[in-house]
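A quick write-up on the structure given underneath.
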Amino acid sequence: MSATTLDSPQTSFVRSVFLDAPSWNHAAVPAWFAQSQMAAWEAFTNLPMPGRRDEAWRFADLKLLEFDPYTVLPDAETAEQPGTANLLEKTAARLVFVNDRLVSREISDTSLKVLTLAEALQQHGDLLKETLSVPNTGLGGEKFASLHQAQLREAVVIFVPAKTEVSEPVEIVHWLSGVHSAAFPRTIILTERHSKVTVLEHHLSAGDDAGLSIGAAQLIAGEGSAINYILLNQRNAADKNIHLSTVSSGRDAQVRHSLINLAAGWTRTECRSLVAGQGSRSEMFSVSLASANQEIDQRTLQDHLSPHSYSDLLYKNVLFDTARTIFAGLIKVDEGAHFTDAYQKCRNLLLSANCEANSMPGLEINADQVKCSHGSTSGRIAEDELFYFESRGIPRPAAAHLIALGFAQEVVEKVDHPEIGALLAAAIAGRFDSIHPED
């Protein structure tokens, strides 16, 4: 079986690749799922590429969307597996994928279900019919969301039964391997009433070859349940990465969504959080390190649908060299969502005279008696802070390094899981060690 090339929106590669995917038992795939992929492919071919006049792509370098030809590999290639130092010691389950193919799965906690896409379609087809839709955030990535749905061959589907608190995290590892390979990872988390789960997802590159990843996460929290989701992106500097997240929190539910972007030459993340149930809580945290000529583009929506709901967003960016970051966030309070309490903050730390940070926070309020605030700050390290370190014998570059680490640590602490926090802190420190800020 030959590989299929992604070189033009008008090619028919999607039509063949999901039918030819060797992991599928074609007879077991529901007709509605195949039809949804065909419909997604049609949408992908009909939707235009983002243009200069698209507000959802404001400040983005659209030349970066001129993708090289990428290949959807027919079989998982051998990739160097991560060492134990890069993974959690204790997990409820761990799954490892290479180019969207499952290569290992270990489940130690049988109180929850951790299924592949084929298993979930077979066991919970009716439920997935409502949830396994195009991961459209409404934030500008509709064309790529349709491509993701059309190319979807594998996913992790996590079901947490009612009144079940999963004590250890679920860990998911996605490797991208091969020259100009493409992957389309999907994670779906569904928690029933009064349950709780933590999920850590790694996105890694097996080598230095350029690849394309268009991933998605769907977090659906039932009444009184809690989801803590963390995505650690450590793709290589040649990769291009898009990640689309949709979050829905039921009555009195809590969802924490954290993004740690440490690599990839170009990254765009979109996260739409529907604070749907009365008394529900949504938290969105991110820290990104951008160096060389990287661009990290972040778009968010905190959409409050019900009264007495809460949301908090903190995005932090550390920029080196000629890197660029973009943040566009909106707090939207719908009619009837009275007594909403919502916050949004983006902070940019500039460690170069040539980097660029663009921030566009926003509010849209259609209800009464709400408490909402938003803001953004950008700046370099204060001279008095540097002087404090220098007066104690610490050179200026090392002082800037330490201050930037402390700047990022605030987001790590908000993850609120000691072992995952330690892993993230080590990953961030390692990334800092590979970057040399200007004097």
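What you are looking at is a predicted structure, and each value in this text was computed from that prediction instead of being measured.
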For Tyr310, which residues count as a side-chain hydrogen bond (donor to acceptor under 3.5 Å, both in side chains) partner, sequence neighbours excluded?
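Checked Tyr310 against side-chain hydrogen bond (donor to acceptor under 3.5 Å, both in side chains); zero matches.
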Do Arg392's NZ or CZ and the ring of Tyr388 fall within the cation-pi criteria of under 6.0 Å and 45°?
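Yes - Arg392 lies over the ring of Tyr388, closer than 6.0 Å to its centre and within 45° of its axis.
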Residues [X] and [Y]: side-chain donor-acceptor under 3.5 angstrom:
{"X": "Glu419", "Y": "His417", "answer": "no"}
{"X": "Gln218", "Y": "Thr131", "answer": "no"}
{"X": "Asp100", "Y": "Gln151", "answer": "no"}
{"X": "Glu171", "Y": "Thr91", "answer": "no"}
{"X": "Asn348", "Y": "Ser359", "answer": "yes"}

Can you find a pair of side-chain heavy atoms, one from [X] and one from [Y], that are under 4.5 Å apart?
{"X": "Asn136", "Y": "Gln149", "answer": "no"}
{"X": "His202", "Y": "Leu423", "answer": "yes"}
{"X": "Lys143", "Y": "Leu147", "answer": "no"}
{"X": "His203", "Y": "Glu201", "answer": "yes"}
{"X": "Ser225", "Y": "Val160", "answer": "no"}
{"X": "Thr164", "Y": "Leu112", "answer": "no"}
{"X": "Phe144", "Y": "Met49", "answer": "yes"}
{"X": "Gln409", "Y": "Val287", "answer": "no"}

Which pair of non-hydrogen atoms, one from [X] and one from [Y], has the smallest distance, and what is that distance?
{"X": "Asn99", "Y": "Ala183", "result": "CA-CB, 4.5 Å"}
{"X": "Gly51", "Y": "Leu62", "result": "C-CD1, 3.3 Å"}
{"X": "Ile158", "Y": "Val199", "result": "CD1-CG2, 3.8 Å"}
{"X": "Asp61", "Y": "Arg324", "result": "N-NH1, 4.1 Å"}
{"X": "Ala323", "Y": "Ser291", "result": "CB-N, 3.8 Å"}
{"X": "Gly140", "Y": "Glu142", "result": "C-OE1, 3.0 Å"}

Run the side-chain contact (heavy atoms from CB on, under 4.5 Å) check on Thr269 and Leu231 step by step: do they pass?
CA-CA 11 Å; Thr269 63; Leu231 173 60; over 6 Å; no
I need the [X] [atom1] to [Y] [atom2] distance, nearest 0.5 Å.
{"X": "Gln234", "Y": "Leu232", "atom1": "CD", "atom2": "CG", "result": "4.0 Å"}
{"X": "Ser378", "Y": "Asn358", "atom1": "OG", "atom2": "CG", "result": "8.5 Å"}
{"X": "Asn241", "Y": "Asp297", "atom1": "CG", "atom2": "CG", "result": "12.0 Å"}
{"X": "Ile188", "Y": "Leu132", "atom1": "CD1", "atom2": "CG", "result": "4.5 Å"}
{"X": "Ser249", "Y": "His304", "atom1": "OG", "atom2": "NE2", "result": "8.5 Å"}
{"X": "Asp239", "Y": "Ser181", "atom1": "CG", "atom2": "OG", "result": "7.5 Å"}

Heavy atoms from other residues, nucleotides or ligands near CG of Asp208 exceed 12 (cutoff 6.0 Å):
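Check fails, neighbour count at 12 or below.
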The single option from Thr267, Ile260, Leu262 passing side-chain contact (heavy atoms from CB on, under 4.5 Å) against Asn233
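Exactly one option meets the side-chain contact (heavy atoms from CB on, under 4.5 Å) with Asn233, and it is Thr267.
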Check Leu301, Val275, Val255 against Val247 for a side-chain contact (heavy atoms from CB on, under 4.5 Å) and give me the one that passes.
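It is Val255; the other options fail the test.
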Does a salt bridge link [X] with [Y], judged by any charged N lying under 4.0 Å from a carboxylate O?
{"X": "Glu383", "Y": "Arg396", "answer": "yes"}
{"X": "Glu154", "Y": "Arg105", "answer": "no"}
{"X": "Lys316", "Y": "Glu410", "answer": "yes"}
{"X": "Arg251", "Y": "Glu223", "answer": "no"}
{"X": "Glu270", "Y": "Arg299", "answer": "no"}

Stepwise, does the side-chain contact (heavy atoms from CB on, under 4.5 Å) test hold for His401 with Phe389?
CA-CA 11 Å; His401 182 114; Phe389 283 92; over 6 Å; no
Backbone N/O of Pro169 and side chain of Thr198: donor-acceptor pair under 3.5 Å
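No, Thr198 side chain to Pro169 backbone: no donor-acceptor pair under 3.5 Å.
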Carefully, step by step, assess Arg235 and Ser213 under the rule side-chain contact (heavy atoms from CB on, under 4.5 Å).
CA-CA 9 Å; Arg235 302 284 195 202; Ser213 175; 3.1 Å; yes
Please assess Ile365 against Cys372 for the test side-chain contact (heavy atoms from CB on, under 4.5 Å), listing each intermediate value before the final yes or no.
CA-CA 9 Å; Ile365 300 175; Cys372 297; 4.1 Å; yes
Using ring-ring contact (aromatic ring centres under 6.0 Å, His included) as the criterion, point out the one residue from Tyr229, Phe285, Tyr315 that pairs with His257.
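Only match with His257 under ring-ring contact (aromatic ring centres under 6.0 Å, His included): Tyr229.
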How are the rings of His180 and Tyr70 set relative to one another: parallel (under 30°), tilted (30 to 60°) or perpendicular (over 60°)?
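His180 and Tyr70: tilted rings.
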